[in-house]
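Heads up: the structure comes next, in structure tokens.
First listed ligand is number 1; within each ligand, the first listed atom is number 1. No hydrogens, no waters, no symmetry mates; every other heavy atom, side chains included, goes into these values.
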Amino acid sequence: MKVVLAYSGGLDTSTILVLLREEYGAEVVTVTVDVGQEGELEGVEERAYELGASKHYMIDAKEEFVHDYIFPAVKANALYEGKYPLGTALARPLIASKLAEVALKEGADAVAHGCTGKGNDQVRFDITLRALLGDEVEIIAPVREYSLTRAKSIEILAKHGYSVPSIHKKYSVDENLWSRSIEGGVLDDPEAEPPEEVYQWTKSPLEAPDEPLYLEIGFEEGVPKTLDGVEMGPVEIVKTLNSLVGSHGYGRIDYIESRVVGLKSREVYEAPAALTLVEAHKDLERMVLTPGELRLKWMLDAMWSDLVYQGLWIDPVKKHIDLAIDSMNKYVTGVVKLKIYKGGLMVVGRNSPYTLYSEEKIDYDTGWYPDPKEAEGFIKLFSQHQLTAIKTRKEKETIPTEDPL
Ligand code: ARG
């Protein structure tokens, strides 16, 4: 049997590699997808071969991740439950698609991943893999199947004579270009403030510089293209924002998240670039879209985030939503000026060739005024429904008399 394993180099997937070889007697091909999880990639390939992989694929998917997953998320102002920029959720379908590609190329009988049975990632991996590979290729998830714990994993590695990574991990971390997620340990107490040690991408606002950081982000059709007037590639713009904005203490999230699998979990994230880009993009939309477009888009945006969170990247309805979101993003071109100061961020200016705002018209002293008769007439018609209802109900005394209306 030939198995293609999504391999991160961590304890769980290392144990799975050994299990698949020693217990299943499988030939294991490992795949590591680089979505910007800096630091975690060092020595992964060596480790895979040391544990008996027959072949290792290291796939740099950073550019694709930003271009095909992160930028669409910016266009959709993606924040699951208004809070989480979906870093992990966005990376899963991409990693699964690379896994499927290798599985087809290698003629594998099965694909394997290290997701647990109580998380969202199993849903995201399994659905994407099934969509791409059909039912022919088996999906093996040993952590889910055997409820592998840390202790069990260490035991299995030791039993087969392999060294165990010595670093004691206090938290479960998942990181990529879009966000860094920290779960577990003391964070499981929803009342306890996250200790400073959980944060790596963001400075404590208390230690942030005393001078505010001003930034100008240029968008073209909803996609960020320039930073302070300088054109930047997709990966570069995200990385630069993470480090610049993070150094001013902005980008921390702490909230109770609704998982797909019926549990609430306490989630802590760092996502400076994500929060900044979504905030700026949303602001520009307010300037260029009509009220109707804005309201339609906010509904579609929420649906988009739910679908991605739930692992339904491949849901046909997402294509329709994407078309509408893209169509409205045609006008989201312009520059947004931001001020970041000690953990806070504010949009302090914006401009766009598609602006629907007119400084000339809005001025109270010199600007445009409607014909007073027209204004009066408009208000009369506009309020007919409400005034008629109030009058009718008063007459029928169905409104309590102490009600001022
Ligand atoms: N709760 C997030 C999600 O489901 C992130 C999970 C990341 N995993 C981790 N072990 N930190 O998308």
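- Distances from ligand 1 to the non-hydrogen atoms of Arg124 include at least one value under 4.0 Å.
- With respect to atom 10 (N) of ligand 1, the closest heavy atom belonging to the protein is Ser172 OG, 2.5 Å.
- Here Tyr341 and His248 keep their ring centres 6.0 angstrom or further from each other.
- Under a 4.0 angstrom heavy-atom cut-off, Tyr171 registers as lying outside contact with ligand 1.
- Leu90 and Pro85 make their closest contact through CD1-O, 3.9 Å (heavy atoms, listed as atom of the first residue, atom of the second, distance).
- Around atom 6 (C) of ligand 1, the closest heavy atom drawn from Arg266, Gln310, Glu183 belongs to Glu183.
- Proximity of Arg259 to ligand 1, defined as any heavy-atom pair under 4.0 Å, is not found for any part of the residue.
- No more than 12 heavy atoms of other residues, nucleotides or ligands sit less than 6.0 Å from atom CD of Glu38.
- Between Tyr255 and Tyr269, the ring planes lie tilted relative to each other; the angle falls in the 30° to 60° range.
- In summary, Glu285 and Lys330 do not engage in a salt bridge, as defined by a charged side-chain N under 4.0 Å from a carboxylate O.
- Annotation for ligand 1: atoms under 4.0 Å from non-hydrogen atoms of Asn120 are 3 (C), 4 (O).
- Counting heavy atoms under 4.0 Å from ligand 1, residue Tyr269 touches it through the side chain alone.
- Taking every non-hydrogen atom of Glu257 and a distance limit under 4.0 Å, the qualifying atoms of ligand 1 come out as 1 (N), 2 (C), 3 (C), 4 (O).
- Under a 4.0 Å N-O distance rule, the pair Asp301/Lys282 does not qualify as a salt bridge.
- Under 4.0 Å is where a charged nitrogen must lie from a carboxylate oxygen, and between Lys83 and Glu257 no such pair does.
- Among the candidates Lys297, Lys75, Lys319, the single residue satisfying the salt bridge (charged side-chain N to carboxylate O under 4.0 Å, His left out) test with Asp326 is Lys75.
- With Ser265, Ser181, Ala91 as candidates, the residue nearest to atom 11 (N) of ligand 1 on a non-hydrogen basis is Ser181.
- Of the protein's heavy atoms, Tyr84 OH, 2.6 Å lies nearest to atom 12 (O) of ligand 1.
- Annotation for ligand 1: atoms under 4.0 Å from non-hydrogen atoms of Asp174 are 7 (C), 8 (N), 9 (C), 11 (N).
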